[in-house]
Amino acid sequence: MAISTKAEILKEIRSSSDHVSGQELCEKLGISRTAVWKVIKQLQAEGYDIEAVTNKGYRLLSYPDILSGSEIMSRMQTQWAGKKVYFRKETESTNEDAKYLAEEGMDHGSLVVADAQTGGKGRRGRGWESPAGQSISMSLLLRPTFSPDKASMLTLLMAVSVAEVINGLYPDMKVNIKWPNDVLVEERKVCGILTEMDAEPDFIHHVVIGVGINVNQMSFSPEVEKIATSLRLMHGEMIDRAQIIVGIMDYFEYYYGIFAERLDVSDFVHIYDGYLINRGREVRVLDPKGEYTGVAEGINDKGELIVRLPDGGTSMVASGEVSVRGIYGYV
Ligand code: ATP
């Protein structure tokens, strides 16, 4: 799927501070004046505030938080991550969509994005709330050539990518990662990551990394209101979701390139540990084989959580079936 005409026109008018003439757009895109005009009308109907001045052309004055395939693709800067976007106004689960599209041959790096999920998923069958018009629900499809035992580290790369974007845009926010897959702001969850893999014992068919982010929610259901927050609640203003999606793809593409060279997270330990909320804190490790407590020290090169035990020994906790909690609550 090539970048659409709509996305091209958006890109042109967004990148110019002045009017862009209809003629210029026709020539650049190889389409008629009427076709340009029709796209501009569509964009205006979607909520873009585009000024049209005779003899001057079109100028983008402002736009609300619009999430659409064209909006995202017109802003994507990456080589492969999120280069192709499959947008859904509403879907049950973007992870399920990405898995289905993977079977249909969807390319490495394709991204499914939905404005709303009706059956968003957390780990081990838990639910994830993704209300319309406020949250980000997206799933990135990867077709790695490395062995399946490395795949769990991709969750950590995604968590760091999300944390870096939030930290970069809002340096005043206290951003943390709760090992392995949650991103927190002010100790409340703003993002959950669910990585799913289809693999043989020594061969990965594909990996889907699902990311749910609370962006513009002003309230939450009673089930999660004590542990959740949104970027808007923390920042105080409406936030542009497409900018966040595009930023995450940028970071993830870069980090994936580094990861693919070594196939471990040694290059990221420092940065991950810098965000790790559990670091130096007492944690409860909810291992199906038996619960225990210790002090989290950081992650190792495999992305496992290093937990110092009361007897002085250490436990390397692999994510898989294990959850980590704070000694008194969620963190
Ligand atoms: P683990 O530590 O095992 O990952 P978790 O509670 O963080 O446990 P996840 O699978 O990551 O589990 O996320 C699912 C949980 O997140 C749900 O059970 C619910 O408590 C909470 N949740 C659901 N929707 C949201 C949301 N939009 N924002 C914050 N938290 C949510």
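Numbers here are sequence positions counted from 1. Start at 1 and go down the list; that is how both ligands and their atoms are numbered.
Residue contacts with ligand 1 for Leu194 are absent, since no atom lies close enough (heavy atoms, distance under 4.0 Å).
Note that CG of Asn216 is 9.0 Å distant from CE of Met218, once rounded to the nearest 0.5 Å. Atom-to-atom distance recorded for Asn95:CG and Thr91:OG1 is 10.5 Å, nearest 0.5 angstrom.
For Arg14, the side chain to side chain donor-acceptor pair (under 3.5 Å) partners two or more places apart in sequence, or in a different chain, are Glu71, Ser74. Phe146 is linked by a ring pair (Phe, Tyr, Trp, His ring centres under 6.0 Å) to Phe259, counting only residues two or more places apart in sequence or in another chain.
Close approach of ligand 1 to Arg325 is summarised as follows: ligand atoms under 4.0 Å from at least one heavy atom of the residue are 1 (P), 2 (O), 5 (P), 6 (O), 8 (O). Atoms of ligand 1 lying under 4.0 Å from at least one heavy atom of Val224, given by number and element, are 19 (C), 20 (O), 21 (C), 22 (N), 23 (C), 31 (C). Here is the list of ligand 1 atoms found below 4.0 Å of a heavy atom in Ala228: 28 (N), 29 (C). Under a 4.0 Å criterion applied to the non-hydrogen atoms of Asp182, ligand 1 contributes the atoms 7 (O), 11 (O). Atoms of ligand 1 lying under 4.0 Å from at least one heavy atom of Arg124, given by number and element, are 3 (O). Close contacts of ligand 1 with Asn181, meaning ligand atoms under 4.0 Å from a residue heavy atom, involve 4 (O), 11 (O). Interface of Asn214 with ligand 1, defined as ligand atoms under 4.0 Å from a residue heavy atom, comprises 26 (C), 27 (N), 28 (N), 29 (C).
In terms of protein heavy-atom proximity, atom 3 (O) of ligand 1 is nearest to Ser323 OG, 2.4 Å. Closest protein heavy atom to atom 24 (N) of ligand 1: Glu129 N, 2.9 Å. The protein atom (non-hydrogen) at minimum distance from atom 30 (N) of ligand 1 is Trp128 CZ3, 3.5 Å. Of the protein's non-hydrogen atoms, the one nearest atom 18 (O) of ligand 1 is Arg126 CD, 3.3 Å.
Using a 4.0 Å cut-off between charged side-chain N and carboxylate O, Asp18 and Arg59 make no salt bridge.
The heavy atom nearest to atom 5 (P) of ligand 1, out of those in Arg123, Arg188, Lys189, Glu223, is found in Lys189. Distances from atom 17 (C) of ligand 1 to the heavy atoms of Gly122, Gly127, Gly125 put Gly127 nearest.
Judged purely by atom type and a 3.5 angstrom limit, Arg188 uses its side chain to pair as donor or acceptor with the backbone of Glu225. Between the side chain of Asn300 and the backbone N or O of Gly303 there is at least one donor-acceptor pair closer than 3.5 Å.
In this structure, Tyr272 has its ring center at least 6.0 angstrom away from the ring center of Phe268.
Aromatic ring orientation, Tyr256 versus Phe252: tilted (interplanar angle from 30° to 60°).
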